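Working notes for the structure below.
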Protein chains: 2
Amino acid sequence: MVSIKQVAEQAGVSFKTVSRVVNKDPNVREETRARVLEAIAALNYRPNRAARMMRNQESGVIGFISDEVVTQPYAGDLLIGAQQVASLHDKVLMVVNIENDRVGRQRAIDMLLERRVEGLVYASYYHKEVQVPQEMLQVPSVLVNCYAENEALATFIPDEVQAGYDATRLLIEQGHKIIGHITLNPDIVAAVKRLEGYRKALAEAGIAYDPLLVVQGEPRFDEAANSVSVEQAVAALLELKHQPTAFVCGKDEFAMQAYFEFAKRGLQVGRDIAITSFDNQRMIAPGLSPGLTTMALPHFEMGQAAMNSIFNQGGDIATRLIPFSVIERQSHLLKN
Amino acid sequence: MVSIKQVAEQAGVSFKTVSRVVNKDPNVREETRARVLEAIAALNYRPNRAARMMRNQESGVIGFISDEVVTQPYAGDLLIGAQQVASLHDKVLMVVNIENDRVGRQRAIDMLLERRVEGLVYASYYHKEVQVPQEMLQVPSVLVNCYAENEALATFIPDEVQAGYDATRLLIEQGHKIIGHITLNPDIVAAVKRLEGYRKALAEAGIAYDPLLVVQGEPRFDEAANSVSVEQAVAALLELKHQPTAFVCGKDEFAMQAYFEFAKRGLQVGRDIAITSFDNQRMIAPGLSPGLTTMALPHFEMGQAAMNSIFNQGGDIATRLIPFSVIERQSHLLKN
DNA sequence: CTAATATTTGACAACGTTGTCAATAAGTGG
DNA sequence: CCACTTATTGACAACGTTGTCAAATATTAG
């Protein structure tokens with residue numbers, strides 16, 4: 001690789017002068033500048049970041065540790081949001097994907113710290129608790145889409161309660177009084193928080209909470225994979241004496257299966273039954289008919305917020321809840 | 001940040017000795033080593049990669065340029081595959097996500113080259129032609145999931161023809177003779193190649209190609225967003241005089257919509273009609289019933305292959321077709 | 001045309017490492 | 001205990017930059 005000295009030689013000036021040109025120092029004679037620029041172009045010179053970094057002790061790199069973030073549809077938006085803000089500050093992201101083992105994580109952290117990252121984002125691919133390595137505390141760090149119980153770290157997580165509330169509220173506003181809820185695996189934070197939101201919305205509307213209306217759509221992690229299927233769950237609710245007229249589904253896949261179950265029974269979403277859900281899977285939600293009204297996770301916004309907080313962090317350690325956005329399609333409406 | 005000299009001072013040795021300990025040079029007295037190690041731990045010293053890099057002129061970084069890779073479900077597997085292989089060689093990935101504008105791409109390349117990346121992966125999120133910046137040729141580079149017409153670059157793309165062939169073959173083997181095909185946007189490489197595979201399978205089985213059986217499931221980029229919907233396309237085929245008994249769908253979303261259209265007409269997949277598709281969207285394919293038989297894009301494998309080629313590249317410039325894998329569920333079978 | 005001042009340029013050190021080579025300390029054989 | 005070999009340690013340069021400061025050159029005023 002060609003260095004500043006070679007450029008200097010070619011241009012017949014000292015290497016310091018080249019440095020000045022490269023850094024746009026105004027105190028260079030126009031004629032000299034031209035000569036240097038020419039040499040730079042001729043040799044295809046590019047300043048070496050490592051050398052620069054040694055001088056000014058700035059790596060310009062933010063570490064992004066994801067436990068599998070990128071495998072999850074659209075959780076990648078988190079990365080994009082983060083990258084966008086980083087770019088604004090002229091920083092780059094170094095992304096490391098760790099398996100869930102301790103050693104991988106340790107190796108990742110070491111590598112990032114050796115590279116003198118100026119900040120660290122730890123993101124998980126679904127909202128959950130994580131164990132963060134102590135070393136993270138050495139640089140400005142944030143947790144995104146995950147939280148650590150006893151660590152003093154700024155944290156950005158989706159507001160699951162609000163999402164559950166809004167998803168339910170949407171149906172209540174359409175006049176529904178008996179609303180079924182197919183929940184996620186109860187080991188997942190989202191499952192319990194969304195249920196909380198569901199109950200809150202009911203309570204607020206003066207509708208009594210009926211536990212019979214809440215069915216689990218997928219098994220706990222430790223149970224056999226095939227417990228009640230979503231179809232069965234939906235079917236069970238539809239056979240209740242007081243049949244629900246609306247459903248809040250734990251995720252769009254559930255909603256998709258619910259649509260099928262409805263179809264099988266001759267029920268038509270938008271006419272006989274209303275439904276809302278979570279995730280806004282672009283693969284599914286717009287393709288159902290009628291289009292599925294669903295709560296979109298604020299991945300992009302969390303990524304942005306997290307990165308912003310790295311740059312502004314005055315030891316701010318708060319946990320910030322980022323709201324879901326309501327993607328209104330047709331499925332929550334009943335037109336007749 | 002603490003440097004090697006401070007450690008040396010603390011341990012009462014020269015900084016060179018510390019360097020030796022850090023690099024596991026055997027020519028250090030046990031007692032000295034212990035003392036140094038202690039100082040390292042006490043001060044929490046970490047070697048500075050930038051400085052190392054200046055000495056040995058090795059960045060240990062591979063650039064990964066993705067035009068939106070991470071936004072696409074499971075295309076992230078490409079990243080994971082690449083990272084896995086890079087790790088094996090003790091390299092890290094620097095991921096840059098570029099918007100599709102020329103300046104963003106230029107900025108990304110510049111930044112990576114300034115950081116002296118030892119290789120470059122250019123990945124696109126769906127199989128298409130791209131324009132690669134000339135600078136890429138300065139370091140070992142590969143194209144993944146995309147190709148550049150007149151560049152001498154190693155290229156790894158999914159074998160769309162094979163996928164189309166296999167998806168069709170699966171149905172032919174079940175005895176189907178009239179097989180509908182709902183194609184993707186014809187501007188997409190995948191659409192035309194998969195159709196080619198479809199025709200090849202038919203030809204091989206001695207079935208005449210009937211253009212009436214092939215319908216476009218989504219509009220060209222330049223047309224209005226709402227042309228024929230997939231439901232309409234399926235409906236049209238089902239109203240043909242010689243009704244197809246099987247369908248090859250351009251992607252899993254199409255298949256999902258086809259299932260709905262079938263359901264509406266009282267046709268049951270697995271009994272009355274068979275279907276195969278592409279993409280293996282884990283959000284959809286397993287959730288349909290019966291489970292959707294679909295061709296999985298070899299994202300992970302392409303990532304691995306690409307990275308491998310960076311390390312072994314002896315100016316190898318070939319285009320390698322990576323096979324899809326057949327994910328057999330139930331939808332291609334007819335049990336009666 | 002000279003002195004004073006402003007502009008442009010260059011020498012050198014430093015950033016934190018590691019490679020080279022010489023200096024010192026520790027063993028070994030007689 | 002001495003000469004000699006071997007093991008251990010340290011001094012110094014170099015990697016490619018930029019900051020500091022002094023030197024050289026150009027410009028301006030008188």
Side-chain angles (χ1 to χ4, degrees), chain A residues 1-40 43-61 90 110-118 138, chain B residues 1-40 43-61 90 110-118 138:
Chain A
M1 266 287 138
V2 16
S3 85
I4 205 171
K5 298 196 181 176
Q6 299 169 53
V7 177
E9 170 144 321
Q10 169 97 357
V13 296
S14 80
F15 67 93
K16 180 67 239 223
T17 300
V18 178
S19 166
R20 272 191 265 262
V21 173
V22 170
N23 293 288
K24 310 207 192 309
D25 185 321
N27 299 323
V28 179
R29 208 145 41 105
E30 242 355 284
E31 190 246 329
T32 328
R33 181 191 311 282
R35 207 141 36 90
V36 170
L37 254 16
E38 200 176 324
I40 288 180
L43 298 179
N44 189 21
Y45 165 74
R46 241 172 251 283
N48 182 328
R49 280 301 278 240
R52 277 196 169 166
M53 177 174 161
M54 276 201 41
R55 272 293 320 190
N56 32 260
Q57 308 283 57
E58 272 196 6
S59 64
V61 178
D90 265 301
D110 283 344
M111 175 249 131
L112 291 169
L113 254 21
E114 281 187 7
R115 289 194 142 81
R116 300 292 188 266
V117 290
E118 296 167 20
Q138 294 177 24
Chain B
M1 267 286 139
V2 15
S3 85
I4 205 171
K5 298 197 180 175
Q6 297 170 53
V7 177
E9 170 144 320
Q10 169 98 356
V13 295
S14 80
F15 68 93
K16 180 67 238 222
T17 300
V18 177
S19 166
R20 272 192 265 263
V21 172
V22 170
N23 293 288
K24 308 207 194 309
D25 184 322
N27 298 325
V28 178
R29 208 147 41 105
E30 243 353 285
E31 190 247 330
T32 327
R33 181 190 311 281
R35 207 141 35 91
V36 171
L37 253 16
E38 201 176 325
I40 289 180
L43 298 179
N44 188 22
Y45 165 73
R46 241 172 251 283
N48 182 328
R49 281 302 277 242
R52 278 195 169 166
M53 178 174 161
M54 276 202 38
R55 273 292 323 191
N56 30 264
Q57 308 284 55
E58 271 196 6
S59 64
V61 178
D90 264 302
D110 283 344
M111 176 247 129
L112 290 170
L113 254 21
E114 281 187 6
R115 289 195 143 79
R116 301 293 188 264
V117 290
E118 296 167 20
Q138 295 177 24

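Keep in mind it's a predicted model, so treat the numbers as computed, not measured.
For the pair B:R46 CZ and C:dC15 P, the computed distance is 21 Å after rounding to whole Å. As rounded to whole Å, 12 Å separates atom P of D:dT20 from atom CG of A:D25. Remark: P of C:dG19 and CD of B:E58 are 11 Å apart, rounded to the nearest angstrom. Separating the CZ atom of B:R115 from the C1' atom of D:dT17 is a distance of 14 Å, rounded to the nearest angstrom. Spacing between atom CE of B:M54 and atom P of C:dT18 amounts to 12 Å, rounded to whole angstrom units. Atom NZ of B:K5 and atom P of C:dC15 are 6 Å apart (whole Å). One can place OH of A:Y45 at 10 Å from P of D:dG16, the figure rounded to the nearest angstrom. Atom C1' of nucleotide C:dC15 and atom CZ of B:R49 are separated by 18 Å, given to the nearest angstrom.
For D:dT18, the base has a donor-acceptor partner in the side chain of A:R55 [N/O atoms by modelled type, under 3.5 angstrom].
From A:N44, atom CG reaches atom CE of A:M1 across 7.0 Å, with rounding to the nearest 0.5 Å. Note: B:K16 NZ to B:R20 CZ = 5.0 Å, rounded to the nearest 0.5 Å. Note that OG1 of A:T17 and CD1 of A:I4 are 9.5 Å apart. Values are rounded to the nearest 0.5 Å.
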Where do N or O atoms of nucleotides 6-9 of chain C meet protein N or O atoms at under 3.5 Å, pair by pair?
residue: C:dT9; atom: OP1; partner: A:T32; partner atom: OG1; Å: 2.4
residue: C:dT9; atom: OP2; partner: A:R29; partner atom: N; Å: 3.0

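Taking side-chain N and O atoms only, B:Q57 has a distance below 4.0 Å to OP1 or OP2 of D:dG16. A sub-4.0 Å separation between OP1 or OP2 of C:dT17 and a side-chain N or O of B:N56 is absent. Applying the 4.0 Å criterion to OP1 and OP2 of C:dT17, one finds that B:S19 has every side-chain N and O outside that range.
Distances from the side chain of A:N48 to the nucleotides D:dG16, C:dG10, C:dT18 place D:dG16 closest.
Of the charged side-chain nitrogens involved, none lies within less than 4.0 Å of a carboxylate oxygen, so that A:K5 and A:E9 do not count as a salt-bridged pair. Look at B:R35 and B:E38 and you find no salt bridge, because none of the NZ, NE, NH1 or NH2 atoms lies under 4.0 Å from a carboxylate O.
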Pair A:E114-B:R49, salt bridge (charged side-chain N to carboxylate O under 4.0 Å, His left out): steps then yes or no: CA-CA 6 Å; A:E114 281 187 7; B:R49 281 302 277 242; 3.5 Å; yes
Sequence neighbours left out, cut at 3.5 Å: what donor-acceptor pairs do the side chains of residues 50-59 of chain B make with other protein atoms?
residue: B:N56; atom: ND2; partner: B:R52; partner atom: O; Å: 3.1
residue: B:S59; atom: OG; partner: B:V61; partner atom: N; Å: 3.2
residue: B:S59; atom: OG; partner: B:R116; partner atom: O; Å: 2.6

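Comparing A:N23 and B:K16 along DNA chain D, the residue whose closest nucleotide (by nearest heavy atom) sits nearer the 5' end is B:K16.
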